[in-house]
Every structure is written in C-alpha cells, then in structure tokens.
Amino acid sequence: MLNVVIFGPPGSGKGTQSQKIIEKYGLTHISTGDLLRREIHTNTHLGVIAKSYIDRGELVPDETIIEMLDHFMDNLPKVKGIIFDGFPRTVIQAEAFQKMLKNNNTSLSVMLNLEVDRQELIDRLLLRGETSGRSDDNLETITKRLEVYENRTSPVISFYKEVKLYQAIKGMGSVDEIFQGICTVLDKHLEQ
Ligand code: ADP
C-alpha cells in the first residue's frame, strides 16, 4: 500500500494537493477536518464537542481523534493506499498512528511536509474565508490556529525525521508546481 501523510500548517494546501494525489494515484482520502465538519453538520454528540474546539482554533482532544481514526481504519475495505490529511497533528497522535497501522498489518510510506511562509498562509486563509463559509477562517482564529500549529503540531516533524519517513515539499508556487514536487517523491516510492 502507498500510505501517505500530508502535513503542514493551516492554509498550506493539504486539501488541494490531496485531491490531486487521489486523482493521480487512486488513493483513499481521510481528512480529520472534513470528518469533524460532517459531524458538526449532522449535529452529532461528537460534532457538538468538536465545534467548541474548532471555533476557538484549538485542537480537538487526542482521544476523540484517535477513536475516530480507529473507527475509520476498522471499517475500511481493501484499498490501494490512503492519504491522511490533517492527521496526525500531535506527537501523541503520531505515536498512536504507528500502532494503528501496525495492527492493520500496514505501514506509512512517507510524510510530506508542505513548507509555506507565515504571511502567505494568512493571506490564503483570509482569501478562503471569503467563500469557504468556515467559521474558523477569520483573522483571530487563524492567528490562534497558527500558534497551536507551532506549539503542538510542528513537533510531529521531528517525530517523522527520527523514523526516517520525513520529506519536505516546497509549498509555495502554483498548485501544479507544488504537485510536481509531490509526484517526484511518490513516484520514487512506487518504484521501490
Ligand atoms: P486546517 O489545516 O486548514 O486548519 P482542517 O480542516 O485540517 O483545516 O482542521 C480544522 C480544525 O479541525 C482544526 O483547527 C482542529 O480544530 C480540528 N482538527 C482537525 N484534525 C485534527 C486532529 N488530527 N487533531 C485535533 N484536531 C483536529
């Protein structure tokens, strides 16, 4: 299986690039943000809890996210590979994820880190906010999300460097240029 984590700060283009990866490589997509927004939309118990964190720009608690991922993995039919978008977002999640993959007799192929300057992230998120309808795409929440990213999510980079699955991707430029960088890495993995 080609299992890929697409990683990066809010606004780095994880969702956009995931769509292109899915089209080209036939991977199955899991976005924890999309799953949570679906729960909010259908007003489930999990959705009500998640909304209070998301609207403040905070992370949803690890146990909740890990449980959600476990459920997804347990109900997964046979697939070519999976792209994990927005997960893992803390070192605790990354550790639980390693165990989860092992229990399912599979492993991670690579972690792709989309590198984008801070000002570009803010500009992209504010622009997205004009049309996305997302309650967290406003300047105050964006600033909070970037702070949470620095403090809680960026340590995940060292975790993947240590297990030798880390790959930096230039996340600035056109969507197609960035995708080209990703394809070079994924094609190498497919040759192996
Ligand atoms: P972005 O990467 O643009 O912030 P996402 O859709 O990935 O957008 O996430 C939106 C929000 O959902 C996050 O700010 C966070 O509150 C919550 N969330 C998503 N994934 C996770 C996760 N793995 N752990 C904790 N919270 C999460």
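Quick caveat, the model's predicted, so the values are computed rather than measured. Computed from heavy atoms alone, side chains included, the values below leave out hydrogens, waters and symmetry copies. Counting starts at 1 for both ligands and their atoms, following the listed order.
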Query raised in the report: Numbering the atoms of ligand 1 from 1, which are under 4.0 Å from a heavy atom of R145?
Result: 1 (P), 3 (O), 4 (O)
Query raised in the report: When rounded to the nearest 0.5 angstrom, what is the spacing between CD1 in I92 and CZ in F97?
Result: 15.5 Å
Report task. Please identify which atoms of ligand 1 are closer than 4.0 Å to at least one heavy atom of I54. Result -> 11 (C), 12 (O), 16 (O), 17 (C)
Requested in this report: Say whether V60, considering both its backbone and side-chain N or O atoms, lies within less than 3.5 Å of an N or O atom on ligand 1.
Outcome: yes
Report summary line: shortest atom 8 (O) of ligand 1-to-protein heavy-atom contact is with R134 NH2, 3.2 Å
Query - ligand 1 atoms in contact with K14 (distance to a heavy atom under 4.0 Å) - result: 2 (O)
**Report entry** Contact check, side chains of F7 and S154, non-hydrogen atoms, under 4.5 Å
**Finding:** no
Requested in this report: Could you check which of R89, E58, M68 puts a non-hydrogen atom nearest to atom 1 (P) of ligand 1?
Outcome: R89
Query - Single hit among D62, T153, N151 for side chain to side chain donor-acceptor pair (under 3.5 Å) with T90 - result: D62
**Report entry** N or O pair under 3.5 Å between D136 and ligand 1
**Finding:** no
Query raised in the report: With a cut-off of 6.0 Å (strictly less than), are more than 12 heavy atoms of other residues, nucleotides or ligands near NZ of K99?
Result: no
Report summary line: So for D62 against ligand 1, with non-hydrogen atoms under 4.0 Å, the contacting part is neither
Query raised in the report: Short list, please: which atoms of ligand 1 are under 4.0 Å from a heavy atom of Q93?
Result: 22 (C), 23 (N), 24 (N), 25 (C)
Report task. Establish, for the pair R56 and Y53, whether the NZ or CZ atom is under 6.0 angstrom from the six-membered ring centre and no further than 45 degrees off its axis. Result -> yes
Query - N-O pairing of E115 and K170 below 4.0 Å - result: no
**Report entry** Close side-chain approach of L190 and Y25, heavy atoms under 4.5 Å
**Finding:** yes
Query raised in the report: For ligand 1, which atoms, with element, lie under 4.0 Å from some heavy atom of R37?
Result: 6 (O), 10 (C)
Query raised in the report: Hey, is R152 one of the residues with a heavy atom under 4.0 angstrom from ligand 1?
Result: no
Report summary line: shortest atom 18 (N) of ligand 1-to-protein heavy-atom contact is with L36 CD1, 3.6 Å
**Report entry** For ligand 1, the portion of R128 having any non-hydrogen atom under 4.0 Å away
**Finding:** side chain
**Report entry** Side-chain ion pair, D137 and R128, N-O less than 4.0 Å
**Finding:** yes
Query raised in the report: Which atoms of ligand 1 have any heavy atom of T32 under 4.0 Å away?
Result: 19 (C), 20 (N), 21 (C), 23 (N)
Query raised in the report: Are R124 and E120 ion-paired here, with the side-chain N under 4.0 Å from a carboxylate O?
Result: yes
